[in-house]
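Residue numbering restarts at 1 for every chain, and letters A, B, ... go by the order of the sequence lines.
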Amino acid sequence: MRVRFAPSPTGELHLGGLRTALFDYLWAKHTGGTFILRIEDTDQKRYDAKSLESLMRGLRWLGLEWDEGPDVGGPHAPYIQTERAAIYQQHAEMLLEKGAAYRCYCTAERLDEMREEQRRTNQTTGYDRRCRHLSPTERAEREAAGLSSVVRLAVPTEGKTTFTDLIRGDITVDNRQLQDEVLLKSDGLPTYHLAAMVDDHLMEISHVLRGEEWLSTAPIHKLVAEAFGWELPVLVHLPVILDPSGKGKMSKRKKVVEGKEYLALVHEFISAGYLPDAMFNFLTNVGWNYDPAVEIFEREEAIERFDISQINPKAAALPYDKLDWLNGQYIRQLTPTALKEQLVPILSKQLKIAPAKLLADNRLDILVPQIQERLKRLDEAVEWIDWAFKDADEIVYDDPSLLLGRKLDAAQSIAVLEDGAAVLRTIEPFLPDEIQAAFRERADALDVKAGGYFGPFRAAISGKKVSPPLFESMQALGRDEVLRRVQRGVEELAKMG
RNA sequence: GCCCCCAUCGUCUAGUGGUUAGGACACGGGCCUUUCAAGCCCGCGACAGGGGUUCGAAUCCCCUUGGGGGUACCA
């Protein structure tokens with residue numbers, strides 16, 4: 001089977017596009033077929049030069065390597081439509097000769113006025129086919145005058161057109177609902193209706209998976225294919241992905257719903273520290289389902305089971321909470337070393353420490369295993385461990401009351417810190433188990449709950465209410481640094497008096 | 001306005017005439033526990049409504065309602 005992903009380079013790729021590409025990829029790999037990347041850049045006005053690179057980066061991030069495409073080549077090159085302009089022009093000419101299409105000389109202004117009038121009088125909007133009925137003389141006059149023109153499809157004015165969508169079945173529309181769509185624009189470049197049909201045919205595409213927004217123009221595509229005498233590929237219209245609010249098609253803008261910010265663009269998910277495996281798993285289960293009893297699966301397993309005929313036609317909102325949960329699952333599957341390596345580039349930017357230096361930092365080796373089960377995204381790591389990379393005097397106690405042990409007042413909390421400091425000064429070796437045993441003993445001796453005894457230390461060390469486990473945190477800092485921070489905690493508490 | 005598509009817990013979904021309508025996330029509770037997590041256990045929670053067809057409908061048909069998409073010399 002031959003399957004293509006055919007995006008327009010008009011901006012950043014969002015998750016809806018990535019999901020389409022993923023399903024293309026899954027179907028190609030499932031059938032042992034070919035996954036093709038084709039760039040539909042025929043809209044010069046919306047073209048964005050940067051988006052092609054970003055698009056390819058996004059696809060490769062997810063692991064969707066294409067077998068044929070702009071950079072890798074292939075038997076049907078070129079794979080960028082503007083480089084194929086002559087092909088479309090020739091095909092438009094073929095339809096013109098057959099009488100299946102005609103030249104239209106109407107100006108944009110006339111078209112606008114016509115539509116406005118139609119809307120005002122509550123008529124269905126659409127081209128009035130004025131140029132379809134031009135006499136040969138009139139046509140010759142316009143050509144002689146050098147008027148610019150477009151090529152329009154001559155849609156049958158009666159009858160019905162039926163096409164098949166694999167997941168929805170046969171769909172029939174009345175031809176009177178259809179318009180004489182523009183196939184070739186006045187700049188000589190084709191519209192989607194021409195370019196995609198020509199390329200799908202020439203590139204021998206067997207299955208077209210595309211967004212549901214194409215469903216209403218599918219009859220046009222059927223008519224274009226018929227005009228050429230071609231068979232349409234199998235059409236599969238994937239349900240649109242809805243905004244997190246469940247209202248409307250997902251936009252490329254970050255969406256804030258109930259105070260929470262939702263990402264939409266692939267590059268945003270990459271920099272937030274979502275793992276490609278988690279995203280692959282996540283997207284596979286929106287619109288399709290691997291197995292209702294299995295949430296986590298391997299790519300190979302998904303490829304083996306994937307079936308386009310089981311795609312759900314219902315538009316869906318992305319379950320973002322589930323993505324976070326899945327990402328956490330995949331983070332926990334990583335070895336600590338692998339996690340550390342993934343974390344370093346992100347932490348390096350956030351902490352402003354050179355990657356090589358971070359990689360060699362002992363503190364990271366101790367702390368990473370401690371935060372592994374606490375992370376949902378990699379970009380959260382910094383909040384867990386930033387305190388470890390500061391100097392004692394950089395720790396800010398925004399809320400000094402955090403230094404109070406549970407059920408203890410300031411004086412008692414100071415007593416606890418000083419009591420523990422004495423232990424910390426002498427204990428050997430300075431390791432988590434040893435420190436913990438000693439602290440528990442001291443808590444008993446002072447008749448304080450372990451949690452109440454530990455609390456002031458946690459706050460003194462990190463400046464935070466929530467932190468990684470206390471004794472590993474101490475190990476990471478080292479004895480001297482811990483003692484400095486404990487002293488600072490005592491001073492802060494003394495101010496509370 | 002017109003055309004097309006869709007409709008199971010809050011969300012993602014399983015279900016293709018006979019199920020106590022299943023799972024996951026989220027949420028609530030409990031256990032564990034040095035904070036927070038993770039993990040384990042329990043719970044809450046859905047067939048949009050109305051007509052048919054049938055011995056029997058979440059499943060088939062129709063209508064209503066709701067949602068979505070399209071209505072460009074954009075894709």
Side-chain angles (χ1 to χ4, degrees), chain A residues 6-10 40-46 104 106-108 111-112 115 118-119 121-127 148-152 165 168 171-174 176-179 181-187 189-193 195-196 210-219 237 239-240 242 244 246-249 282 285-296 312-326 328-329 332 370-376 384 402 406 436 439-440 443 449-455 457-459 462 464-471:
Chain A
S8 290
T10 55
E40 310 215 324
D41 59 344
T42 56
D43 185 346
Q44 296 295 284
K45 291 190 268 307
R46 293 200 306 153
C104 167
C106 293
T107 62
L111 261 19
D112 286 344
R115 256 191 300 274
Q118 287 167 338
R119 260 192 276 270
T121 54
N122 228 351
Q123 299 175 66
T124 300
T125 55
Y127 180 54
S148 79
S149 65
V150 301
V151 175
R152 287 183 184 270
D165 175 279
R168 281 166 258 258
I171 295 170
T172 300
V173 295
D174 196 311
R176 281 169 295 206
Q177 296 297 334
L178 269 22
Q179 295 199 44
E181 298 286 348
V182 171
L183 300 178
L184 200 67
K185 298 180 275 190
S186 56
D187 65 1
L189 287 172
T191 60
Y192 176 93
H193 308 309
R210 54 164 28 169
E212 192 182 349
E213 63 270 21
W214 292 110
L215 200 57
S216 53
T217 44
H237 292 94
V240 294
L242 268 18
K247 298 265 299 173
K249 196 160 73 158
F282 173 69
N285 265 345
V286 177
W288 185 70
N289 189 254
Y290 173 75
D291 179 336
V294 177
E295 294 301 327
I296 310 233
N312 188 339
K314 191 184 119 179
L318 294 173
Y320 282 83
D321 284 336
K322 197 160 187 172
L323 172 61
D324 282 349
W325 174 79
L326 262 176
Q329 295 289 319
R332 270 165 250 137
Q370 303 305 319
I371 63 171
Q372 183 158 17
E373 68 195 28
R374 284 160 239 267
L375 295 180
K376 281 187 157 63
W384 282 101
L402 294 179
R406 198 164 14 155
Q436 174 162 197
F439 267 43
R440 286 187 185 281
K449 290 249 195 209
Y453 192 94
F454 299 170
F457 289 92
R458 180 185 309 284
S462 66
K464 300 182 189 214
K465 183 181 181 187
V466 173
S467 79
L470 180 60
F471 305 106

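Rounded to an integer number of Å, the gap from CG of A/L470 to P of B/rU33 is 17 Å. Between the NZ atom of A/K376 and the P atom of B/rA38 there is a distance of 5 Å, given to the nearest Å. In this structure, A/D174 places its CG atom 15 Å from C1' of B/rU71, rounding to the nearest Å. Rounded to an integer number of Å, the gap from CG of A/L323 to C1' of B/rC25 is 11 Å. The CD1 atom of A/I171 sits 12 Å away from the C1' atom of B/rC3 (whole-angstrom rounding). If you take CD of A/E213 and C1' of B/rC74, they are 11 Å apart, rounded to a whole angstrom.
Classified by interplanar angle (parallel below 30°, tilted 30° to 60°, perpendicular above 60°), the ring pair A/W214/A/Y192 is parallel.
Nucleotides B/rC25 and B/rG43 are separated by 15 Å at their P atoms, to the nearest Å. Separating the P atom of B/rU65 from that of B/rC73 is a span of 33 Å, rounded to the nearest Å. Comparing B/rU11 with B/rU16, their C1' atoms are spaced 24 Å from each other, to the whole Å. Across B/rG70 and B/rG18, the matching P atoms stand 38 Å from one another, rounded to whole Å. Spacing of P atoms, B/rA14 relative to B/rG22, comes out at 15 Å, to the nearest Å. Taking atom C1' in both B/rC44 and B/rG30, one finds a spacing of 15 Å when rounded to whole Å. With C1' as the reference atom, B/rU13 and B/rG29 are 26 Å apart, rounded to whole Å. With both ends at atom C1', the span from B/rG23 to B/rG45 equals 14 Å, rounded to whole Å.
Sequence order on RNA chain B of the closest nucleotides to A/R458 and A/K45 puts A/R458 first from the 5' end. The nearest heavy atom of RNA chain B to A/L318 and to A/W325 marks one nucleotide each, and the one closer to the 5' end goes with A/L318.
Here A/T124 lies in heavy-atom contact (under 4.0 Å) with a base. Counting any heavy atom pair closer than 4.0 Å across all strands shown, A/L215 reaches sugar-phosphate atoms only and no base atom. Using a 4.0 Å heavy-atom criterion, one finds that A/A450 contacts no nucleic acid atom at all. A/N312 comes within 4.0 angstrom of the backbone, heavy atoms only, and of no base. Residue-level contact check: A/R332 touches the backbone only, with heavy atoms under 4.0 Å from sugar-phosphate atoms and none from bases. Contact annotation for A/Q179: backbone-only contact, meaning every heavy-atom pair under 4.0 Å involves sugar-phosphate atoms and none involves a base. At a threshold of 4.0 angstrom between heavy atoms, the contacts of A/R46 include nucleobase atoms, whether or not backbone atoms are also involved. In this structure, A/Q329 reaches the sugar-phosphate backbone alone: every heavy-atom distance under 4.0 Å involves primed, P, OP1 or OP2 atoms, never a base. The residue A/P292 sits close to a base: some heavy atom pair falls under 4.0 Å. Residue contacts for A/K464: at a heavy-atom cut-off of 4.0 Å it reaches no nucleic acid atom on any strand shown. Using a 4.0 Å heavy-atom criterion, one finds that A/P9 contacts no nucleic acid atom at all. Residue-level contact check: A/W288 touches neither bases nor backbone, having no heavy atom under 4.0 Å from any strand. A/G287 comes within 4.0 angstrom of the backbone, heavy atoms only, and of no base. Base contact: A/P468 has a heavy atom under 4.0 Å from a base atom.
Relative to the side chain of A/Q436, the nucleotides B/rU34, B/rC3, B/rC74 differ in distance, and B/rU34 lies closest. The side chain of A/A316 sits closest to B/rC12 out of B/rA75, B/rC12, B/rU35. Distance from the side chain of A/F454 is smallest to B/rU34 among B/rU34, B/rG39, B/rU13. Comparing B/rU35, B/rU11, B/rC73 against the side chain of A/R374 picks out B/rU35 as the nearest.
Nucleotide B/rC36 is matched to nothing when pairs are restricted to Watson-Crick or G-U wobble geometry with both distances under 3.5 angstrom. Checking B/rA7 for Watson-Crick or G-U wobble geometry (two distances, each under 3.5 Å) identifies B/rU65 as its partner. Checking B/rG43 for Watson-Crick or G-U wobble geometry (two distances, each under 3.5 Å) identifies B/rC27 as its partner. Using Watson-Crick or G-U wobble geometry with both donor-acceptor distances under 3.5 Å, B/rC2 finds its partner in B/rG70.
The residue from A/Y290, A/W325, A/F282 that alone fulfils the side-chain contact (heavy atoms from CB on, under 4.5 Å) condition with A/E295 is A/W325.
Residue A/K314 has no polar side-chain atom (N or O) positioned under 4.0 Å from OP1 or OP2 of B/rG67. OP1 and OP2 of B/rG1 both lie 4.0 Å or more from every side-chain N or O belonging to A/R119.
Between the side chain of A/T191 and the base of B/rC73, no donor-acceptor pair under 3.5 Å is found. Judged by distance alone with a 3.5 Å cut-off, a donor-acceptor contact links the side chain of A/K322 to the base of B/rA24.
The local environment of CZ in A/R332 is crowded, with over 12 non-hydrogen atoms from other residues, nucleotides or ligands closer than 6.0 Å.
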